[in-house]
Each structure stands twice: as structure tokens, then as C-alpha cells.
Amino acid sequence: VSDGGRGSSPVQAAAALGYSKSEIMIAASARLLGGVTNCFVGVGLPNIVCNLAQRTVAPSLQLVYESGVFGARPERLPLSIGDPTLATGSTAVTSMFELFAFYLQAGLIDVAFLGGAQIDRFGNLNTTVIGDYADPKVRLPGSGGACEIAIHAKQILVIMRQAQRSFVERIDFRTSPGHSGDPAHDAARGWNGSGPTAVVTDLGTYGFDARTGEMTLATLHPGVALTDVRASMGWEPKVASDLGETPPPTAEESRLIRDELDPGGVYTK
Amino acid sequence: VVAGVSGVSKVTTMQDAVREFVHDGDTVAIEGFTHLICFAAGHEIIRQKRRDLTLARMTPDVVYDQMIGAGVASKLIFSWMGNPGVGNLHAVRRRIEKADPEPLAIEEYSHFGMVCRYMAGAANLPFFPIRSYYESDIPRVNPKIVPMASPYDADDEVYVVPPLKPDVAIVHAQRADAGGDTQIWGLLGCQKEVAFAAEKVIVVVEEVVDETTIRQDPNRTLIPGVVVDAVVEEPFACHPSFAQGYYDRDNAFYLEWDRIAKDQATLDAWLDEWVYALANHREYVEKFGDAQWDGLRPEPAMSGEVDYGRYA
């Protein structure tokens with residue numbers, strides 16, 4: 001599960017607007033969870049996103065962690081997806097087999113967050129290797145649960161910072177399948193999941209075209225230009241005809257992030 | 001100490017357990033998903049200079065970086081490698097990316113695949129079917145992950161993974177009796193599955209307790225003594241990982257390891273100071289001092305009691 005690109009970005013110009021790039025990524029992602037019940041969480045930004053959503057648009061959100069926790073109520077910001085604060089006070093601690101088989105594979109998970117070192121225009125993700133598998137330039141962590149999560153969670157949300165090296169024309173290794181580029185093929189897969197439905201970056205938000213399965217720029221964050229987006233990805237992005245602006249974090253969202261969810265600014269500077 | 005169901009005490013020291021059950025060339029699994037990772041066993045294996053091990057583990061993290069950096073292993077079977085919440089495993093990466101100082105063979109799965117390899121091993125099955133790996137490159141680089149049509153519906157394709165039966169599993173737990181009847185709470189990882197799958201099982205606990213304590217709450221018993229070969233009482237053996245209710249993760253150490261492991265020379269110096277120069281884990285605990293351990297102790301959060309009823 002993604003760490004949401006923790007630690008990979010500098011403190012940025014959005015500060016002039018009264019919020020950080022991480023904060024607008026968190027707020028924009030949390031709003032996507034409206035009405036969602038069972039959400040597979042990753043550590044870092046996704047964890048803050050889910051906790052913000054629980055306090056705003058999704059009060060009945062159940063936080064599910066691949067470590068075997070259903071319905072976590074963490075009293076502190078977890079340091080990893082296996083933090084002891086996730087077990088204490090949760091609805092259920094299950095075996096990992098049950099979590100993957102009964103909850104994920106059986107189709108109980110509505111939304112999951114994933115990320116990676118590389119993503120392509122169809123939302124395929126690489127968390128395995130940069131370069132050749134047998135002779136890697138950079139050996140990455142591997143799948144973890146991401147491969148099966150990508151297949152079984154009904155929707156996949158991706159939180160990643162944009163860069164030429166991560167938003168690439170061709171990923172080096174397909175760890176977790178996204179859309180194939182052939183919608184008829186995707187419809188015939190018979191998977192629980194319908195693949196990636198949104199990507200939230202430090203520059204904007206994307207949906208996926210229902211006809212082509214291709215990532216499509218939906219909104220730009222305030223102060224970001226289309227040229228900034230083009231300069232930080234490896235393909236010419238599709239842009240929605242009604243391209244809008246991402247609403248900035250509300251005062252309440254900012255207060256919750258700063259005062260309750262990440263008071264130390266570990267993830268949100 | 002009162003013995004377990006079998007009436008025979010299996011309590012021994014870490015030195016003797018590793019000496020007796022972990023041999024050069026073995027497949028060894030020290031499991032634990034972030035929780036209950038037996039670092040003390042890894043250190044003893046390093047200290048006894050085992051070689052050519054195949055290390056299995058869903059999530060190779062700092063303890064496997066230490067062991068692989070120390071040269072005990074020639075192969076790694078896994079589903080996610082990293083320093084959780086911090087970053088990379090530098091010693092493992094040096095060996096995979098640069099064969100520095102020597103190559104490390106790898107065999108990789110996803111988490112669900114690894115869980116089901118242990119399930120197949122524990123249940124004496126020839127393979128385990130799962131719905132994963134579709135349109136992923138993972139089966140392309142691991143020929144042991146095989147597509148198979150359902151015998152009941154030729155259009156329904158699953159992938160199967162082979163059983164994993166380690167020669168030795170080392171499982172940390174909160175408590176066990178002297179016969180090895182073992183209770184765990186908090187995140188369960190694959191402690192139960194790997195114990196039933198392995199040929200030999202070393203259980204390491206924070207506390208050895210009386211059989212009565214186990215029998216008062218049998219639902220909490222994950223591993224029965226019948227599959228356990230040795231019981232080692234070793235408080236704080238999971239450090240820097242945690243034991244739910246006993247001590248927290250020492251996050252400062254995970255961050256520090258990132259610095260230590262970046263260079264083989266600093267890694268070697270750390271091994272010299274914290275493993276080779278010490279006779280056992282008790283000396284490691286004493287070297288840190290009481291303030292360290294007091295700082296990691298959580299406030300209590302007791303479970304409520306349940307009434308099993310007495311049916312005499």
C-alpha cells in the first residue's frame with residue numbers, strides 16, 4: 001500500500017496560498033471518499049486522508065489495514081501499517097489470510113490507496129524494479145499486497161507527486177494492473193475491482209476516461225498552469241473539456257489536518 | 001516452571017535453540033508482520049555464523065538487512081522488502097543491485113501469495129489457489145506462480161502458489177507455557193501458519209507462564225505445543241520491533257538503521273558492537289539500559305474478561 005510519496009517533495013510555493021501542497025493533496029483525496037464505507041489504508045498521506053474523510057465526508061468509514069486490522073481507531077498517527085495503535089481499540093484483528101481472502105478477495109473493500117515509483121497513462125503501477133528485473137538499476141520493495149489490492153478493491157485511488165521519472169510512457173515492471181487500454185477487455189475481466197478511478201498529485205487531480213481507460217486531467221490546483229503539468233510527465237496528457245480548479249482546503253479541513261491529524265507536520269509540510 | 005500438555009519442558013536458551021535447530025543451508029523463516037519480529041534470534045544466527053541460509057519472510061525488514069549484511073544468507077523469499085515507514089534496505093539492495101559483496105538470489109510473491117504458501121505448507125496441500133497476479137509481471141519473473149483453470153469452470157482462471165515448508169520457523173509471541181502452547185494478541189502476521197508449516201519451530205516469548213494461564217483463555221492459543229520444538233524466554237527480543245502490550249516500536253532505531261546500513265563499514269561496526277561483542281540478548285538489553293525500556297512501555301489497555309463457563 002502506498003505511502004503517498006511521503007518525504008519526496010520540498011516545502012513549496014502553495015504556502016503563499018495559506019496551505020501546503022500536501023494539504024491540498026490530502027483535502028482533494030479525502031473528498032473522493034464521500035459515501036465510502038470500507039477503505040484499505042496505507043501509511044503516510046493516505047492515513048491522514050482517511051482520518052480526515054472520517055471527520056468530514058465519510059463518518060462511517062472503516063479503516064482497513066493489510067496487517068489484519070478492520071475498523072481501526074488509531075489514537076496516534078501510525079508509523080507503519082503495522083503500528084500497535086491500529087490494533088488497540090479496533091473492531092477486529094484478523095489473520096492475514098482472512099484479511100486478504102474474506103475481506104479483499106471476496107469483494108468487501110470499496111476503495112484502496114496505491115502508489116508507486118512509476119505509473120503509466122492507464123494507471124498501471126510499478127513498485128518492483130527500475131531497469132531490468134535480472135539486473136536492476138534500483139530494486140524497489142515489491143508488491144506487498146498491492147497486486148491483489150489493485151485487482152479486488154472496487155476503486156483504486158492513487159496519490160503520487162508528479163515527475164518525469166515517475167509519470168512515464170512505459171513502466172519498467174507491471175507490479176499492479178491498472179486499465180489495459182482496451183475497455184472491452186477490461187469489462188470482460190470479471191474482477192471485483194474497476195481499477196484506478198482517480199489520481200491526485202501535487203499539481204492537480206485526474207479521472208480516467210470511461211471509453212479509453214486513460215488518465216485525464218480533471219482539475220488544476222490553484223496557481224498551477226497546464227504547462228507545469230506537461231513538464232512533469234512523460235506523455236502528453238488528456239485534458240477534460242471542462243477542466244476546473246481544485247477547491248483549496250477549507251478552514252475546517254486545514255484545522256483538522258494541522259491540529260488533530262498531523263500536528264507535528266510530519267507528512268504535511 | 002511447570003511443563004505443558006506433554007509434561008515435558010522445552011525451555012532452552014537462544015544459543016542452544018539456534019545451535020540445535022538452525023543449520024547451514026537451511027530455509028529459515030523469522031516471521032512477524034511489523035509486530036513480534038524476533039531480532040534476538042537473527043542476532044544469534046549471525047553470532048553463530050550460519051551460512052548459505054535461504055531466508056523466507058513476507059516482509060524482509062531491518063533484521064534481514066542485518067542478517068544479509070552479515071553474510072548468513074544466499075537467497076531471499078519474500079513479498080515486500082523495506083524499512084517500514086522509513087525507506088530501503090541498503091545491505092539487501094547492495095547485494096541485489098551490485099552483487100556487493102556477493103549475489104543474493106530472490107524469489108518473490110505478493111503478500112497474499114506468501115500467506116497462501118504458508119497455508120498450503122501448514123495444511124499439507126500441493127498448492128493454493130488465489131485470485132491474484134492477473135496481468136501482472138510477477139508470474140513472468142517467478143515461474144512457481146502458475147495459472148490454472150478451475151476444474152469446475154474452464155473459464156475461471158486462478159493462479160496457484162506452491163507450499164512453503166521452512167526447515168525452521170522462529171516465532172515470537174507474548175507468552176507460552178513450558179511445553180510450547182503459545183498465545184498471541186495484536187497483529188497476528190503469519191505466526192500461526194508458519195509454525196504449522198515448518199519442520200522445526202522455535203517459539204520465543206516475553207514470558208513463560210503456567211499451563212493454567214493458557215487454559216484459562218484457550219481461544220488466544222494460536223500455536224499448540226505439539227508443533228513446537230523449543231521455547232526460549234527472552235524479554236525485549238523483538239526490539240526494535242514491538243510486542244503488543246509489552247513495548248512499543250523503537251522508531252528512532254529504524255531511522256538510525258537507515259544511516260548505519262548505507263555503508264558496509266558502518267554496518268560491520270554496528271554488528272561488532274551490538275552482536276559479536278555481546279554473548280547474548282540479555283547483554284544487549286543491559287547495554288541499552290533501563291531508561292530505554294521504560295520509554296517504550298505503553299500505558300495499559302486491558303481486554304475485558306469473558307466467561308467460558310464451567311461445565312463439570
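All chains are named by letter (A, B, ...) in the order of the sequence lines, taking the proteins before the strands, and each is independently numbered beginning at 1.
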Could you tell me if the ring centre of B/Phe236 sits under 6.0 Å from that of B/Tyr247? yes

Chain B-proximal positions within residues 169-184 of chain A [heavy-atom distance under 4.5 Å]: A/Phe173, A/Arg174, A/Thr175, A/Pro177, A/Ser180

Interface check, chain A: of B/Ile96, B/Ile130, B/Asp156, most non-hydrogen pairs under 4.5 Å belong to B/Ile96

SB check B/Glu102 B/Arg94 (cutoff 4.0 Å): no

Heavy-atom distances under 4.5 Å only: say whether B/Gln244 touches chain A with side chain, backbone, both or neither. side chain

Top residue by heavy-atom pair count (under 4.5 Å) with chain A, among B/His35, B/Met119, B/Arg140? B/Met119

If you tally heavy-atom pairs under 4.5 Å against chain B, which of A/Thr88, A/Leu99, A/Leu104 wins? A/Thr88

Options B/Val92, B/Leu188, B/Asp248, B/Leu89, ranked by heavy-atom pairs under 4.5 Å with chain A, top entry: B/Asp248

Exactly one of A/Phe100, A/Tyr103, A/Phe102 clears ring pair (Phe, Tyr, Trp, His ring centres under 6.0 Å) with B/Phe112, and that residue is A/Phe100

May I ask you to check if B/Arg131 and A/Trp191 form a cation-pi contact, with NZ or CZ under 6.0 angstrom from the six-membered ring centre and within 45° of the axis? no

Do the ring centers of B/His111 and B/Phe33 come within less than 6.0 Å of each other? yes

Part of B/Met114 lying under 4.5 Å from any heavy atom of chain A: neither

Mind ranking A/Gly131, A/Ala150, A/Pro136 by heavy-atom pairs under 4.5 Å with chain B and telling me who comes out on top? A/Pro136

Would you name the heavy atoms of B/Val158 and B/Pro129 that are closest together and state the gap between them? CG2-CB, 3.8 Å

Considering residues at least two apart in sequence or located in another chain, which fulfil the salt bridge (charged side-chain N to carboxylate O under 4.0 Å, His left out) criterion with A/Asp83? A/Arg76

One option among B/Tyr109, B/Tyr118, B/Trp185, B/Phe242 has the most heavy-atom pairs under 4.5 Å with chain A, and it is B/Phe242

Which atoms of B/Ile106 come close to chain A, meaning under 4.5 Å heavy atom to heavy atom: side chain ones, backbone ones, both, or neither? side chain

A/Asn47 and A/Val41 have their tightest heavy-atom pair at CA-CG1, 3.6 Å

Toward chain A, the part of B/Glu193 with a non-hydrogen atom under 4.5 Å: side chain

Here the pair of heavy atoms bringing B/Lys165 nearest to B/Gly121 is CE-O, 3.5 Å

Do the side-chain N and O atoms of A/Glu214 and A/Tyr206 include a donor-acceptor pair separated by under 3.5 angstrom? no

Please work out which of the three classes, parallel, tilted or perpendicular, describes the rings of B/Tyr159 and B/Tyr133, given edges at 30° and 60°. perpendicular

Contact part of B/Phe78 toward chain A, heavy-atom cut-off under 4.5 Å: side chain, backbone, both or neither? side chain

